[in-house]
There are 2 protein chains.
Amino acid sequence: MSATVSVKDVAAAAGVSVGTVSNVLNRPDRVGAATRSRVEAAIEQLGFVRNESARHLRAGASRTIGYLVLDAANPFFTDVAKGVEEAARDAGLAVFLCNSDNSRQRERDYLELLFEQRVRGVLVTPVDPAGVEASLPPGVGVPVVLVDRTGGEKYCSVSVDDVYGGRLAGQYLAESGHERIAFVGGPESVGQVQDRLAGFREAVEGVGAPIVLPTAALTVAEGRAAGQRLAGMPASRRPTAAFCANDLLALGLLQEMTRLRIRVPEDLAIIGYDDIEFAAAAAVPLTSVRQPRHQIGRTAAELLTEETEAADGRAHRHRQVVYLPELIVRESTITA
Amino acid sequence: MSATVSVKDVAAAAGVSVGTVSNVLNRPDRVGAATRSRVEAAIEQLGFVRNESARHLRAGASRTIGYLVLDAANPFFTDVAKGVEEAARDAGLAVFLCNSDNSRQRERDYLELLFEQRVRGVLVTPVDPAGVEASLPPGVGVPVVLVDRTGGEKYCSVSVDDVYGGRLAGQYLAESGHERIAFVGGPESVGQVQDRLAGFREAVEGVGAPIVLPTAALTVAEGRAAGQRLAGMPASRRPTAAFCANDLLALGLLQEMTRLRIRVPEDLAIIGYDDIEFAAAAAVPLTSVRQPRHQIGRTAAELLTEETEAADGRAHRHRQVVYLPELIVRESTITA
DNA sequence: CATACCGTCTGAATCGTTTCACCATCGACG
DNA sequence: CGTCGATGGTGAAACGATTCAGACGGTATG
């Protein structure tokens, strides 16, 4: 039981050579029917499970890719992951999910682990927009595709134009007549936050600079905290609209407003970002900037397989796919 | 670049034998300082990355575990996963997350993959409570721990007493004076659903049998659908309280009630299950049966490492850890 | 001076699978 | 009857890292 069964054991039990066992496993048609069933019986009976490490050591290529995600608890990423898995499955690959949880250290550790495993390729949403390359030992021969970030010319990437998304939100609020407008989000080190704020700033310029409420993370709890700060402002100077860097923040903010009896959208209009499922499911359904989450995942996985296959032939040109987000208007911003 | 570098290349570059390179990697103290730095320079310069497959083939043990999850989009599981990762990290292990997405087929595929990789151990929340063993090729020597399910005597497991949880919800509603009570959940094949309903049934027996609204899945969308069915009932016969098999359903139900202007909790009290973060963040904060999500994950990972280590020594006795859930009362059931 | 011993390094064997050149058997064909 | 082709099977080499018995100087010990 405890001793693991190898092809050798199977071969002995079936009275054939190891080569034949391997053939049964990989090209059954090359083997006579009688022998084949004898080998198959032995496999079944001994409970043989092929050792990937050995197979892989010989073959050089694995059938697995890794997706290193920034925050597994954020529904945005799990939706992207679903797209990834779908496309990977179509290509006959399996996906290992890893969670860097916003930690540069864990990101590095997991990348190293994935490279050591010689996975077919790696998808990664990097913690630090700039420092991707620092964490990526170059030239291991493992293709890397950036997800939800661009990576210059050095990598394939799939991203969404966050500046444009911020602009969408800003324009909409400005056109709705709001004059005191807040931006809730942080930390600034996150590229997505920077870009969304930049686009937003630009769009609301006409009505004045936005009040920035920085947060320590993109979580529901931080959204609630920002809500308290916002509620603490005198009503005459309090913003009438808030754009949150993601939906988790927006949901937290919304909850806190409800608790403090500040009406949404009458007293405060709220826009989120990502359009996760919980955004529509909130009691005051959330206006949000939608990203094609599923599509992002699919495309990323497709770029990866493309790069993998190109490696065999001639050189591969890195591509940067950029999607445009879309504003989904719901009750949280509609004033009658 | 494309050709991968092996210890042999490093050895050649540093002018030493492969054995020495290996020693630098694994027991640096056995190697002279001068030689060591020469080897390290070569490693750095060639961009050498150790091939896990080879190392592992020789060593027989990997430093990775797998966690095969039922639904990566359900925050409950991502929270459990966080606990798993934490404990695994303490034990020096890395975690690969896999998502069976409620599909028996994918569950089998991923288990096979993990076994083939000879991971140190596997945590799994099985799709089918009964058919775990069917999917688990026995005796591969890879320890398996069941999460959120019990597995008889054959596996270690960490679970929560779902019957008790259902009873908690039922008792609370019955004591609150509700007489027409609904249960929202499904499919019945899911063990968790069965148990929660059983406990619930038992507890509300005194006030009459619950009205069961079956759902096809444990998702927000299905919760909304159930809400429509519920709203379609004549007000005189409509339940005054609903217990949902998980929080996603409850959130969907809540949203639909709000949309249809059925007041929560005045017209309909709602109890969810899991107490995910979004439950507290809902605009009508949700009463919910809380499971120690994080603790479940930690304990599961600890049982796994325990079993792994015991394998070396004498026989291992499987343990079943069962936690008790706790009712968290919030506004969604409080009638003034 | 011979011996023992230490620190350092080498080289070959090993893990389990795949692959490939090669062998045996047999029927068909000229 | 010899030859040719299939067809089905064999066995050893190879993948890359680890490990272990031993080689080689050099120093301390008796």
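A, B, ... follow the sequence lines: proteins, then strands. Residue 1 opens every chain. Worth saying up front: this structure is predicted, and the values here are computed from it rather than measured.
A:Val21 comes within contact range of no nucleotide atom at all, as no heavy-atom separation falls under 4.0 Å. Nucleic acid contact class of B:Arg36 (heavy atoms, under 4.0 Å, all strands): none. Contacts of A:Gly19 with the nucleic acid, taken as non-hydrogen atoms under 4.0 Å apart, include base atoms. B:Thr20 comes within contact range of at least one nucleobase, with a heavy-atom separation under 4.0 Å.
Projected onto DNA chain C by closest heavy-atom contact, B:Ser17 and B:Ala54 fall at different nucleotides, the more 5' of which corresponds to B:Ser17.
In this structure, CZ of B:Arg58 is placed 19 Å from P of D:dA14, rounded to the nearest angstrom. With rounding to whole Å, A:Glu52 atom CD is found 14 Å from D:dC15 atom C1'. For the pair A:Gln117 CD and D:dC15 C1', the computed distance is 17 Å after rounding to whole Å. In this entry the distance linking NZ of A:Lys8 with C1' of D:dT10 reads 15 Å, nearest Å. Remark: P of D:dA21 and CG of B:Asn23 are 14 Å apart, rounded to the nearest angstrom. With rounding to whole Å, B:Arg30 atom CZ is found 10 Å from D:dT19 atom P. Atom CZ of B:Arg50 is separated from atom P of D:dG16 by 15 Å (rounded to the nearest Å). Atom pair B:Asn26:CG and D:dT19:C1' shows a separation of 10 Å (rounding to whole Å applied).
Of the possible donor and acceptor atoms, one in the side chain of B:Thr125 sits under 3.5 Å from a partner among the backbone N and O of B:Val147. Of the possible polar contacts, none joining the A:Arg319 side chain to the A:Cys156 backbone as a donor-acceptor pair under 3.5 Å is found.
The shortest distance between side-chain heavy atoms of A:Glu107 and A:Leu111 falls below 4.5 Å. Side-chain contact between B:Val21 and B:Phe48 is absent, with no heavy-atom pair separated by less than 4.5 Å. The shortest side-chain heavy-atom distance between A:Val158 and A:Leu303 falls under the 4.5 Å cut-off.
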Between B:Glu116 and A:Arg55, does the salt bridge (Lys or Arg N to Asp or Glu O under 4.0 Å) criterion hold? Intermediate values first, please. CA-CA 10 Å; B:Glu116 286 184 359; A:Arg55 163 215 262 274; 5.4 Å; no
Apply side-chain contact (heavy atoms from CB on, under 4.5 Å) to the pair B:Leu218 and B:Phe76, showing each step before the final yes or no. CA-CA 12 Å; B:Leu218 299 168; B:Phe76 170 75; over 6 Å; no
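For DNA chain C, the contact window with chain A, defined by any atom under 4.0 Å from a protein heavy atom, covers C:dG16 to C:dT19 in 5' to 3' order.
A salt bridge links A:Glu86 and A:Arg298; the closest N-O separation between the charged side-chain nitrogens and carboxylate oxygens is under 4.0 Å.
In summary, the side chains of A:His56 and A:Gln117 do not present any donor paired with an acceptor at a separation below 3.5 Å, with no hydrogens or angles considered.
Both key distances under 3.5 Å define a Watson-Crick or G-U pair, and stretches of 3 or more such consecutive pairs in DNA chain D run C:1-30 with D:1-30.
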